[in-house]
There are 2 protein chains.
Amino acid sequence: MSEEQHFNTLLQFFKVLGNESRLKILGLLANDERTVGELAALLELREPTVSHHLAAMKELGLIDVRVEGNNRVYWLKTQFLENLSRDIFSQSNLATLATDETGDAWEDKVLRYYVVDGRLKDIPSKHKKRLVVLQWLCAQFEPGRRYHELELNERLRAYHPDCASLRRYMVEDRLMARDNANMYWRLV
Amino acid sequence: MSEEQHFNTLLQFFKVLGNESRLKILGLLANDERTVGELAALLELREPTVSHHLAAMKELGLIDVRVEGNNRVYWLKTQFLENLSRDIFSQSNLATLATDETGDAWEDKVLRYYVVDGRLKDIPSKHKKRLVVLQWLCAQFEPGRRYHELELNERLRAYHPDCASLRRYMVEDRLMARDNANMYWRLV
DNA sequence: TTTCTATTTAGATGATTATCTAAATAGAAG
DNA sequence: CTTCTATTTAGATAATCATCTAAATAGAAA
């Protein structure tokens with residue numbers, strides 16, 4: 001299961017159970033299977049309301065139903081809960097919930113951290129973060145224009161002393177290209 | 001913890017985590033402690049919004065905070081989650097969720113089960129249920145009027161063959177009283 | 001002291017959702 | 001076939017809640 005799916009499953013699970021009526025239904029079905037009418041009487045709700053809640057719980061896979069004459073008998077799939085409780089709350093699984101921060105926000109944060117007063121505090125060692133920083137760096141150069149290695153180095157040094165690493169990384173990540181005459185230009 | 005408290009704790013827990021922003025916060029704090037501002041940037045929300053969510057999570061005991069200068073650093077109390085996941089989902093604990101059915105609904109259900117076509121299918125052996133049935137039975141008699149034991153028995157037999165038990169239970173539970181002349185009358 | 005910065009509190013607004021009634025459905029009973 | 005019963009679907013309403021802006025707070029920096 002992908003991280004995003006895991007996140008959404010979990011979110012749906014909490015949403016479904018984060019409701020007084022549905023949590024009561026869960027408790028009732030943990031004791032015994034029930035028809036819609038029985039649940040409605042026990043909860044003091046109308047049938048359509050209960051039906052609506054049951055649909056949400058069934059959608060999640062928490063309960064299932066069988067038909068008996070005019071009645072629909074709902075029952076709890078206890079397996080579902082057992083799997084979830086064992087699996088969900090481990091530190092490692094929780095940690096992945098956060099990696100949903102894919103968008104600009106995460107990149108902004110990385111940049112805010114590494115770029116201080118227009119200079120690079122550090123060159124990130126993690127590739128993903130480094131790429132963000134390099135893309136920002138690359139954007140500081142004119143698109144289309146060609147720079148000699150000497151000029152490039154000088155300009156890069158304004159951002160970080162280790163201009164050689166910056167230059168190498170930029171080529172490695174295909175943000176810049178070079179020709180035989182030691183000229184560099186933006187690829188993105 | 002009482003059953004009702006258990007129910008409410010669990011309900012609050014699901015409500016708090018059944019929200020996209022708060023579930024993301026949980027994930028982020030599972031990786032590292034964070035200030036309000038950091039969380040706001042990562043989630044692309046305003047500080048007051050994040051602050052509001054953090055308050056809900058703290059109220060629940062899921063996270064805690066320490067002050068560092070102007071910042072407030074929030075961190076996950078992993079113990080809380082571990083306790084909950086181990087404890088919550090056991091069949092026995094789930095089963096108690098339902099006993100919240102205290103009101104009229106439960107009594108109605110008991111009556112619906114025991115009273116069939118105006119007669120008692122059975123005399124409940126559990127006192128709590130028997131009381132419900134006896135109160136209904138008692139209501140079938142005229143308030144204020146006095147009944148001789150012979151008449152009472154005859155009328156009770158219309159509900160259940162074991163009229164003696166019914167009569168005894170009614171006196172025992174102070175629903176009816178008797179005098180020396182074998183006369184009975186309603187007390188409630 | 002005054003100013004600045006991070007956060008919380010207060011209050012408003014819009015979106016979501018729990019619930020209801022009325023109507024549709026479908027199977028059972030006659 | 002018609003009627004009855006249990007349930008679901010559709011649609012309306014009202015309550016809850018997530019989010020925002022503006023203002024208050026409180027500690028840090030100057």
Side-chain angles (χ1 to χ4, degrees), chain A residues 8 11-26 28-29 33-60 62-75 100 103 105 108-109 112-113 116-117, chain B residues 7-8 11-26 28-29 33-60 62-75 100 103 105 108-109 112 116-117:
Chain A
N8 285 328
L11 180 59
Q12 269 317 108
F13 174 75
F14 288 134
K15 277 192 171 170
V16 164
L17 261 47
N19 168 276
E20 185 168 345
S21 298
R22 285 192 293 263
L23 191 54
K24 280 182 183 170
I25 290 176
L26 175 69
L28 288 166
L29 294 186
E33 49 186 37
R34 297 281 189 182
T35 68
V36 179
E38 284 171 344
L39 290 171
L42 289 164
L43 298 169
E44 301 182 76
L45 291 172
R46 299 292 171 173
E47 279 85 355
T49 305
V50 173
S51 186
H52 161 79
H53 288 315
L54 290 170
M57 296 172 79
K58 185 161 182 302
E59 162 98 20
L60 188 71
L62 188 56
I63 60 177
D64 209 342
V65 65
R66 69 169 187 277
V67 177
E68 279 187 6
N70 271 333
N71 301 300
R72 262 150 251 206
V73 182
Y74 283 87
W75 47 279
D100 235 29
D108 287 355
K109 188 189 154 234
R112 244 180 292 123
Y113 180 82
V116 178
D117 294 331
Chain B
F7 180 86
N8 285 327
L11 181 59
Q12 269 318 107
F13 174 75
F14 288 134
K15 279 191 170 171
V16 164
L17 261 45
N19 169 274
E20 186 168 345
S21 299
R22 285 191 293 263
L23 191 55
K24 281 183 182 170
I25 290 176
L26 176 69
L28 288 167
L29 294 186
E33 49 186 35
R34 297 281 188 183
T35 67
V36 179
E38 283 171 345
L39 290 171
L42 289 164
L43 298 169
E44 302 183 74
L45 291 172
R46 300 289 173 177
E47 279 84 354
T49 306
V50 173
S51 186
H52 161 77
H53 288 314
L54 290 170
M57 296 173 78
K58 186 162 182 301
E59 162 96 21
L60 189 69
L62 187 58
I63 61 177
D64 209 343
V65 66
R66 70 170 187 277
V67 178
E68 278 187 7
N70 271 333
N71 301 300
R72 262 150 249 207
V73 181
Y74 283 88
W75 47 278
D100 234 31
D108 287 353
K109 187 187 155 237
R112 245 180 290 123
V116 178
D117 296 330

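Throughout, a chain's letter reflects where its sequence line sits, starting with A, and its residues are numbered from 1.
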| request: Please work out which of the three classes, parallel, tilted or perpendicular, describes the rings of A:F13 and B:F14, given edges at 30° and 60°. | output: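 Ring orientation, 0 to 90° scale: perpendicular.
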For [N] and [X] - does any side-chain N or O of the residue sit under 4.0 Å from the phosphate oxygens OP1/OP2?
X     : N      : answer
A:N19 : C:dT17 : no
B:H52 : C:dT8  : no
A:N70 : D:dC4  : no
A:Y74 : D:dA6  : no

Please state how far atom [atom1] in [X] lies from atom [atom2] in [N], giving the value in whole angstrom units.
X     : N      : atom1 : atom2 : answer
A:E47 : C:dA23 : CD    : P     : 17 Å
A:E44 : C:dA18 : CD    : P     : 19 Å
A:L43 : C:dA18 : CG    : P     : 14 Å
A:M57 : C:dT17 : CE    : P     : 16 Å
B:L17 : D:dA18 : CG    : P     : 12 Å
B:R66 : C:dA6  : CZ    : C1'   : 15 Å
A:L39 : D:dT7  : CG    : C1'   : 12 Å
A:E20 : C:dT17 : CD    : P     : 17 Å

With the side chain of [X] defined as its heavy atoms from C-beta on, choose the nearest nucleotide among [options].
X     : options                : answer
A:V36 : D:dT8, D:dT19, C:dT19  : D:dT8
B:K15 : C:dT19, C:dT8, D:dC17  : D:dC17
A:T49 : C:dA18, D:dC17, C:dC20 : C:dC20
A:S21 : D:dT5, C:dT19, D:dT9   : C:dT19
A:N71 : C:dT7, D:dA6, C:dC20   : D:dA6
B:P48 : D:dT8, C:dT19, C:dT8   : C:dT8
B:R46 : C:dA26, D:dT9, D:dC20  : D:dC20
A:R72 : C:dT8, C:dA18, D:dT7   : D:dT7
B:L45 : D:dT19, C:dT8, D:dT8   : D:dT19

| field | Working for side chain to side chain contact (heavy atoms under 4.5 Å, CB included), residues B:V73 and B:R34 | value | CA-CA 5 Å; B:V73 181; B:R34 297 281 188 183; over 6 Å; no
| message | Both A:E68 and A:H53 contact DNA chain C. Which one's nearest nucleotide lies toward the 5' end? | response | A:H53
| request: Just do the side chain to side chain contact (heavy atoms under 4.5 Å, CB included) check on A:W75 and A:L29 with the steps written out, would you? | output: CA-CA 6 Å; A:W75 47 279; A:L29 294 186; 5.9 Å; no
| Taking all atoms of both residues into account, what is the closest heavy-atom pair of B:V50 and B:L39, and its distance? |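 Closest approach of B:V50 to B:L39, heavy atoms only: CG1-CB, 3.9 Å.
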| With side chains defined as the heavy atoms from C-beta onward, is the minimum distance between A:R66 and A:E33 less than 4.5 Å? | yes
| Going from CG on B:L42 to NZ on B:K24, what distance comes out if it is rounded to the nearest 0.5 angstrom? |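 If we round to the nearest 0.5 Å, B:L42:CG and B:K24:NZ are 10.5 Å apart.
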